[in-house]
Amino acid sequence: MPELPEVETVRRGLNDLVLNKQISSVDVYYDKMIIGDVQKFKDTLAGKVIETVDRRGKYLLLRFSGDVTVISHLRMEGKYYVKSKDEPLDKHTHVVFNFVDGTTLRYNDTRKFGRMELVKTGMEVNNSGIKKLGPEPTVDTFKVDDFYQALQKKKKVIKTALLDQTIVTGLGNIYVDEVLWMSKIHPQTPAKNLSYDEAKKLHDNIIKELNMAIEAGGTTIRSYTDAFRNEGGFQFSLKVYQKTGEPCQRCQTPIERIVVGQRGTHFCPKCQILKP
DNA sequence: CCCAATGTTTTGCC
DNA sequence: GGGCAAAACATTGG
(Lines give C-alpha, C1' and ligand atoms only; values in the text may rest on other atoms or scores of the structure.)
Protein backbone atom coordinates (compact mmCIF):
# COMPACT_ATOMS: atom_id res chain seq x y z
CA MET A 1 0.00 0.00 0.00
CA PRO A 2 1.87 3.03 1.09
CA GLU A 3 4.97 3.74 -0.89
CA LEU A 4 6.16 7.32 -1.28
CA PRO A 5 3.27 8.58 -3.46
CA GLU A 6 0.67 7.19 -1.06
CA VAL A 7 2.42 8.61 1.99
CA GLU A 8 2.70 11.98 0.26
CA THR A 9 -1.03 11.88 -0.55
CA VAL A 10 -1.81 11.10 3.09
CA ARG A 11 0.46 13.98 4.16
CA ARG A 12 -1.40 16.42 1.95
CA GLY A 13 -4.74 15.16 3.21
CA LEU A 14 -3.71 15.59 6.82
CA ASN A 15 -2.47 19.09 6.13
CA ASP A 16 -5.97 19.89 4.88
CA LEU A 17 -7.77 18.19 7.75
CA VAL A 18 -6.02 18.63 11.08
CA LEU A 19 -3.82 21.72 10.95
CA ASN A 20 -3.94 24.01 13.97
CA LYS A 21 -6.06 21.61 15.97
CA GLN A 22 -5.21 21.25 19.64
CA ILE A 23 -4.98 17.83 21.26
CA SER A 24 -6.98 17.28 24.41
CA SER A 25 -5.87 13.70 24.96
CA VAL A 26 -4.45 10.66 23.19
CA ASP A 27 -5.79 7.11 23.48
CA VAL A 28 -3.57 4.12 22.67
CA TYR A 29 -5.25 0.73 22.29
CA TYR A 30 -2.21 -1.24 21.20
CA ASP A 31 0.91 -0.32 23.12
CA LYS A 32 3.38 -1.91 20.71
CA MET A 33 2.36 0.67 18.13
CA ILE A 34 4.28 3.26 20.16
CA ILE A 35 8.07 3.09 20.28
CA GLY A 36 9.15 4.24 23.72
CA ASP A 37 7.06 5.00 26.78
CA VAL A 38 3.33 5.08 26.03
CA GLN A 39 2.40 7.22 29.02
CA LYS A 40 5.02 9.78 28.06
CA PHE A 41 3.65 9.77 24.51
CA LYS A 42 0.15 10.59 25.78
CA ASP A 43 1.26 13.09 28.41
CA THR A 44 3.57 15.02 26.10
CA LEU A 45 1.03 15.39 23.31
CA ALA A 46 -1.85 16.57 25.53
CA GLY A 47 -2.36 20.28 24.92
CA LYS A 48 -0.11 20.44 21.86
CA VAL A 49 -1.21 22.02 18.57
CA ILE A 50 -0.48 20.26 15.28
CA GLU A 51 1.38 22.78 13.15
CA THR A 52 2.18 20.86 9.98
CA VAL A 53 2.76 17.41 8.58
CA ASP A 54 6.06 16.73 6.81
CA ARG A 55 7.39 13.63 5.10
CA ARG A 56 10.79 11.99 4.76
CA GLY A 57 10.82 8.94 2.51
CA LYS A 58 7.83 6.89 3.60
CA TYR A 59 7.83 8.40 7.10
CA LEU A 60 5.26 10.99 8.12
CA LEU A 61 6.45 13.67 10.53
CA LEU A 62 3.64 15.25 12.53
CA ARG A 63 4.94 18.57 13.85
CA PHE A 64 3.47 19.86 17.09
CA SER A 65 3.90 23.01 19.11
CA GLY A 66 6.60 22.86 21.75
CA ASP A 67 9.17 21.28 19.39
CA VAL A 68 7.47 17.90 19.47
CA THR A 69 7.42 15.58 16.45
CA VAL A 70 5.65 12.27 16.01
CA ILE A 71 7.37 10.02 13.50
CA SER A 72 4.71 7.80 11.96
CA HIS A 73 5.31 4.94 9.57
CA LEU A 74 2.29 3.28 7.97
CA ARG A 75 4.20 0.13 6.95
CA MET A 76 1.81 -2.15 5.09
CA GLU A 77 -1.71 -1.06 5.99
CA GLY A 78 -1.65 2.01 8.21
CA LYS A 79 -4.31 4.63 7.57
CA TYR A 80 -5.37 7.93 9.11
CA TYR A 81 -8.96 9.08 9.35
CA VAL A 82 -10.55 12.15 10.83
CA LYS A 83 -13.85 11.45 12.57
CA SER A 84 -16.12 12.99 15.13
CA LYS A 85 -15.44 11.75 18.67
CA ASP A 86 -18.94 10.27 18.73
CA GLU A 87 -18.34 7.74 15.99
CA PRO A 88 -17.69 4.21 17.28
CA LEU A 89 -14.19 2.83 17.20
CA ASP A 90 -13.18 0.55 14.38
CA LYS A 91 -11.81 -2.86 15.34
CA HIS A 92 -8.40 -1.94 13.94
CA THR A 93 -8.10 1.57 15.39
CA HIS A 94 -5.01 1.57 17.59
CA VAL A 95 -4.28 5.23 18.32
CA VAL A 96 -6.73 8.13 18.63
CA PHE A 97 -5.72 11.77 18.91
CA ASN A 98 -8.65 13.65 20.48
CA PHE A 99 -8.87 17.34 19.60
CA VAL A 100 -10.47 20.04 21.69
CA ASP A 101 -12.92 20.82 18.85
CA GLY A 102 -14.59 17.41 19.15
CA THR A 103 -12.95 15.80 16.13
CA THR A 104 -10.44 12.96 16.33
CA LEU A 105 -7.54 11.74 14.24
CA ARG A 106 -7.59 7.95 14.20
CA TYR A 107 -4.82 5.60 13.20
CA ASN A 108 -6.07 2.33 11.74
CA ASP A 109 -3.80 -0.60 10.95
CA THR A 110 -5.16 -4.04 10.19
CA ARG A 111 -1.82 -5.75 10.47
CA LYS A 112 -0.44 -3.71 13.35
CA PHE A 113 2.86 -3.25 11.54
CA GLY A 114 2.88 0.55 11.71
CA ARG A 115 4.88 2.41 14.37
CA MET A 116 4.87 5.86 15.98
CA GLU A 117 7.65 7.48 17.92
CA LEU A 118 7.74 10.75 19.80
CA VAL A 119 10.91 12.80 19.41
CA LYS A 120 12.09 16.36 19.89
CA THR A 121 11.70 18.21 16.59
CA GLY A 122 14.93 17.95 14.66
CA MET A 123 15.94 14.73 16.42
CA GLU A 124 14.02 12.61 13.91
CA VAL A 125 17.22 12.28 11.91
CA ASN A 126 18.52 10.02 14.67
CA ASN A 127 15.67 7.56 14.15
CA SER A 128 17.14 4.25 13.03
CA GLY A 129 14.96 4.08 9.94
CA ILE A 130 15.27 7.70 8.87
CA LYS A 131 19.01 7.89 9.48
CA LYS A 132 19.88 5.56 6.63
CA LEU A 133 17.50 6.93 4.02
CA GLY A 134 18.95 7.92 0.68
CA PRO A 135 17.94 11.06 -1.21
CA GLU A 136 14.34 11.94 -1.97
CA PRO A 137 13.51 11.08 -5.60
CA THR A 138 13.48 14.64 -6.91
CA VAL A 139 15.67 16.34 -9.51
CA ASP A 140 17.18 18.56 -6.83
CA THR A 141 18.27 15.82 -4.45
CA PHE A 142 18.67 12.67 -6.54
CA LYS A 143 21.69 12.85 -8.84
CA VAL A 144 22.50 10.43 -11.65
CA ASP A 145 26.23 10.29 -10.94
CA ASP A 146 25.71 9.46 -7.26
CA PHE A 147 23.12 6.87 -8.21
CA TYR A 148 25.43 5.18 -10.69
CA GLN A 149 28.34 5.15 -8.23
CA ALA A 150 26.13 3.66 -5.49
CA LEU A 151 24.92 0.91 -7.82
CA GLN A 152 28.49 0.07 -8.77
CA LYS A 153 29.27 -0.72 -5.12
CA LYS A 154 26.32 -3.07 -4.59
CA LYS A 155 26.38 -6.83 -4.74
CA LYS A 156 22.60 -7.09 -4.70
CA VAL A 157 20.37 -7.40 -7.71
CA ILE A 158 18.84 -4.13 -8.86
CA LYS A 159 15.34 -4.76 -7.52
CA THR A 160 16.58 -5.52 -4.01
CA ALA A 161 18.96 -2.55 -4.11
CA LEU A 162 16.13 -0.17 -5.00
CA LEU A 163 13.87 -1.52 -2.25
CA ASP A 164 16.31 -0.97 0.59
CA GLN A 165 15.81 2.85 0.68
CA THR A 166 19.50 3.71 1.09
CA ILE A 167 20.34 4.51 -2.53
CA VAL A 168 17.12 6.42 -3.12
CA THR A 169 14.09 6.50 -0.86
CA GLY A 170 10.43 6.03 -1.72
CA LEU A 171 10.15 2.96 -3.92
CA GLY A 172 8.24 -0.11 -2.76
CA ASN A 173 7.36 -3.36 -4.43
CA ILE A 174 4.83 -1.86 -6.83
CA TYR A 175 6.82 1.07 -8.17
CA VAL A 176 10.06 -0.91 -8.37
CA ASP A 177 8.48 -3.36 -10.78
CA GLU A 178 7.01 -0.46 -12.76
CA VAL A 179 10.20 1.57 -13.11
CA LEU A 180 12.23 -1.50 -14.07
CA TRP A 181 9.71 -2.31 -16.80
CA MET A 182 9.77 1.29 -18.03
CA SER A 183 13.56 1.19 -18.10
CA LYS A 184 13.67 -2.26 -19.76
CA ILE A 185 15.88 -3.66 -17.00
CA HIS A 186 15.52 -7.20 -15.66
CA PRO A 187 14.86 -7.17 -11.89
CA GLN A 188 17.60 -9.73 -11.25
CA THR A 189 20.32 -7.76 -13.00
CA PRO A 190 23.21 -7.31 -10.54
CA ALA A 191 23.13 -3.60 -9.63
CA LYS A 192 26.78 -3.14 -10.54
CA ASN A 193 26.17 -4.49 -14.04
CA LEU A 194 24.01 -1.52 -15.04
CA SER A 195 25.64 0.76 -17.58
CA TYR A 196 25.70 4.49 -16.98
CA ASP A 197 23.01 4.93 -19.61
CA GLU A 198 20.79 2.35 -17.96
CA ALA A 199 21.32 3.99 -14.58
CA LYS A 200 20.37 7.35 -16.07
CA LYS A 201 17.23 5.96 -17.67
CA LEU A 202 16.26 4.27 -14.41
CA HIS A 203 16.97 7.43 -12.43
CA ASP A 204 14.81 9.54 -14.73
CA ASN A 205 11.98 7.01 -14.67
CA ILE A 206 12.02 6.80 -10.86
CA ILE A 207 11.49 10.54 -10.59
CA LYS A 208 8.89 10.60 -13.35
CA GLU A 209 6.93 7.59 -12.12
CA LEU A 210 6.72 8.68 -8.49
CA ASN A 211 5.65 12.18 -9.47
CA MET A 212 2.96 10.87 -11.79
CA ALA A 213 1.70 8.59 -9.03
CA ILE A 214 1.55 11.49 -6.57
CA GLU A 215 -0.48 13.47 -9.09
CA ALA A 216 -2.86 10.52 -9.40
CA GLY A 217 -3.28 10.37 -5.62
CA GLY A 218 -1.32 7.13 -5.21
CA THR A 219 -2.10 3.53 -6.03
CA THR A 220 -4.87 1.54 -4.37
CA ILE A 221 -4.24 -2.19 -4.65
CA ARG A 222 -6.22 -3.71 -1.85
CA SER A 223 -6.76 -1.34 0.98
CA TYR A 224 -5.02 1.99 0.57
CA THR A 225 -7.05 5.17 1.01
CA ASP A 226 -5.92 8.66 1.90
CA ALA A 227 -7.04 10.67 4.91
CA PHE A 228 -10.27 11.54 3.08
CA ARG A 229 -10.89 7.81 2.50
CA ASN A 230 -10.35 8.37 -1.20
CA GLU A 231 -8.73 5.68 -3.26
CA GLY A 232 -5.81 6.52 -5.50
CA GLY A 233 -5.98 6.52 -9.28
CA PHE A 234 -2.58 5.24 -10.28
CA GLN A 235 -3.55 1.56 -10.22
CA PHE A 236 -5.00 2.18 -13.69
CA SER A 237 -1.58 3.23 -14.93
CA LEU A 238 0.29 0.14 -13.73
CA LYS A 239 1.99 -1.81 -16.50
CA VAL A 240 3.30 -4.97 -14.82
CA TYR A 241 2.48 -5.09 -11.11
CA GLN A 242 0.02 -7.97 -10.60
CA LYS A 243 -0.42 -8.27 -14.37
CA THR A 244 0.87 -11.82 -14.54
CA GLY A 245 -0.19 -13.44 -17.83
CA GLU A 246 -1.46 -10.21 -19.34
CA PRO A 247 0.22 -8.97 -22.52
CA CYS A 248 3.09 -6.51 -22.15
CA GLN A 249 1.87 -3.11 -23.34
CA ARG A 250 4.99 -2.74 -25.49
CA CYS A 251 5.42 -6.17 -27.09
CA GLN A 252 2.34 -8.28 -26.17
CA THR A 253 4.50 -10.96 -24.48
CA PRO A 254 2.73 -12.28 -21.35
CA ILE A 255 4.02 -10.71 -18.12
CA GLU A 256 5.77 -13.21 -15.85
CA ARG A 257 5.93 -13.43 -12.07
CA ILE A 258 9.03 -14.56 -10.20
CA VAL A 259 10.26 -14.12 -6.64
CA VAL A 260 13.19 -11.76 -6.03
CA GLY A 261 14.37 -11.08 -2.50
CA GLN A 262 11.25 -12.80 -1.09
CA ARG A 263 9.01 -10.42 -3.02
CA GLY A 264 6.62 -11.11 -5.85
CA THR A 265 8.16 -9.60 -8.97
CA HIS A 266 6.50 -8.87 -12.29
CA PHE A 267 8.32 -8.26 -15.55
CA CYS A 268 8.23 -8.74 -19.31
CA PRO A 269 10.55 -11.59 -20.30
CA LYS A 270 11.07 -10.10 -23.75
CA CYS A 271 11.54 -6.39 -22.96
CA GLN A 272 13.56 -7.02 -19.80
CA ILE A 273 16.33 -9.40 -20.74
CA LEU A 274 18.75 -10.63 -18.07
CA LYS A 275 22.16 -9.99 -19.51
CA PRO A 276 24.71 -12.79 -19.01
C1' DC B 1 -5.88 -25.30 4.76
C1' DC B 2 -2.16 -22.99 2.35
C1' DC B 3 -0.28 -19.14 0.20
C1' DA B 4 0.50 -14.31 -0.65
C1' DA B 5 0.15 -9.48 0.61
C1' DT B 6 1.96 -2.74 -0.40
C1' DG B 7 7.55 -2.44 4.54
C1' DT B 8 10.94 -2.30 7.88
C1' DT B 9 13.61 -4.46 11.62
C1' DT B 10 15.94 -8.30 13.58
C1' DT B 11 18.72 -12.31 13.25
C1' DG B 12 22.40 -14.97 11.80
C1' DC B 13 25.99 -15.93 8.65
C1' DC B 14 29.99 -14.87 6.28
C1' DG C 1 31.67 -4.31 11.80
C1' DG C 2 29.40 -4.28 7.40
C1' DG C 3 26.74 -6.36 3.80
C1' DC C 4 23.53 -9.51 2.71
C1' DA C 5 19.58 -12.96 2.78
C1' DA C 6 16.05 -14.83 5.33
C1' DA C 7 12.94 -14.67 9.09
C1' DA C 8 9.85 -12.08 11.89
C1' DC C 9 6.12 -8.97 12.86
C1' DA C 10 0.02 -9.87 12.64
C1' DT C 11 -3.93 -10.26 9.98
C1' DT C 12 -6.90 -10.76 6.08
C1' DG C 13 -8.49 -12.67 1.89
C1' DG C 14 -8.39 -15.63 -2.13
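Residue numbers begin at 1 in each chain, while the letters A, B, ... track the order of the sequences.
Residues satisfying the ring pair (Phe, Tyr, Trp, His ring centres under 6.0 Å) criterion with A:F97, sequence neighbours excluded, are absent altogether. By the side chain to side chain contact (heavy atoms under 4.5 Å, CB included) test, A:D146 pairs with A:K143, sequence neighbours left out. For A:H186, the ring pair (Phe, Tyr, Trp, His ring centres under 6.0 Å) partners are A:F267, not counting sequence neighbours. Residues meeting the ring pair (Phe, Tyr, Trp, His ring centres under 6.0 Å) test with A:Y59, sequence neighbours left out: A:H73. When the ring pair (Phe, Tyr, Trp, His ring centres under 6.0 Å) test is applied to A:F142, the partners found at least two apart in sequence or on another chain are A:F147, A:H203.
Using a 4.5 Å heavy-atom threshold, the side chains of A:L210 and A:L171 count as touching. A heavy-atom distance below 4.5 Å is found between the side chains of A:D164 and A:K154. In this structure the side chain of A:L238 never reaches within 4.5 angstrom of the side chain of A:D177, judged on heavy atoms. Counting heavy atoms from C-beta outward, A:I50 and A:N20 have side chains that stay 4.5 Å or more apart. Residues A:N15 and A:T52 are in side-chain contact: their nearest non-hydrogen atoms beyond the backbone lie under 4.5 Å apart. Counting heavy atoms from C-beta on, the side chains of A:R250 and A:K270 never come closer than 4.5 Å.
Bracketed by its first and final contacts, the part of DNA chain C lying under 4.0 Å from non-hydrogen atoms of chain A reaches from C:dC4 to C:dT12 in 5' to 3' order.
For A:L238 and B:dA5, the CG to P distance is 15 Å, given to the nearest whole Å. Put simply, OH on A:Y175 is 14 Å from C1' on B:dG7, counting in whole angstrom units. Spacing between atom CD of A:Q165 and atom C1' of B:dT9 amounts to 13 Å, rounded to whole angstrom units. We find that NZ of A:K112 is positioned 18 Å from C1' of B:dA5, with the value rounded to whole Å. Going from atom CD of A:Q262 over to atom P of B:dG7 covers 13 Å, rounded to whole Å.
Among the protein residues, A:G114 comes within range of no part of the nucleic acid, since none of its heavy atoms lies under 4.0 Å from any strand. Within the 4.0 angstrom heavy-atom criterion, base atoms lie near A:R263.
Phosphate proximity of B:dA4 to A:R111: absent, as no side-chain N or O sits under 4.0 Å from OP1 or OP2.
Shown for residues 55-63 of chain A: residues whose heavy atoms fall under 4.0 angstrom of DNA chain B, namely A:K58, A:Y59. Of the residues in residues 154-164 of chain A, A:K154, A:K155, A:K156 come within less than 4.0 Å of DNA chain C through at least one heavy atom, sorted by number. At a non-hydrogen distance threshold of 4.0 Å, A:Y30, A:K32 from residues 28-39 of chain A come into contact with DNA chain C.
Dense packing is recorded around NZ of A:K83, with more than 12 heavy atoms of other residues, nucleotides or ligands lying under 6.0 Å away.
The closest donor-acceptor contact from the side chain of A:E117 to the backbone of A:N127 lies at 3.5 Å or more, if one exists at all. A donor-acceptor pair under 3.5 Å is formed between the side chain of A:N173 and the backbone N or O of A:G264. A donor-acceptor pair is defined here as one N or O able to donate and one able to accept, closer than 3.5 Å; no such pair exists between the side chain of A:T104 and the backbone of A:R106.
The same atom, P, is picked in B:dT8 and in C:dT12; the two are 22 Å apart, to the nearest Å.
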Evaluation steps, side chain to side chain donor-acceptor pair (under 3.5 Å), between A:N98 and A:S24: CA-CA 6 Å; A:N98 299 292; A:S24 52; 5.3 Å; no
Criterion salt bridge (Lys or Arg N to Asp or Glu O under 4.0 Å) on A:E209 and A:K239, from CA distance to verdict: CA-CA 11 Å; A:E209 176 85 351; A:K239 309 295 187 192; over 6 Å; no
Taking only nitrogen or oxygen atoms into account, show me every contact under 3.5 Å that the protein makes with nucleotides 10-14 of chain B, one pair per line with its distance.
none

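Ring-plane geometry between A:Y175 and A:F234 is classed as tilted, the angle between the planes lying from 30 to 60 degrees on a 0 to 90 degree scale.
In this structure, A:R257 and A:N127 both approach DNA chain B, and ranking their closest nucleotides by distance from the 5' end singles out A:R257.
In DNA chain B, runs of at least 3 stacked Watson-Crick or G-U pairs (N1-N3 plus N6-O4 or O6-N4, or N1-O2 plus O6-N3, all under 3.5 Å) give these stems: B:2-5 with C:11-14, B:7-14 with C:2-9.
The list of ring-ring contact (aromatic ring centres under 6.0 Å, His included) pairs with a residue in residues 11-34 of chain A, not counting sequence neighbours, reads A:Y30-A:H94.
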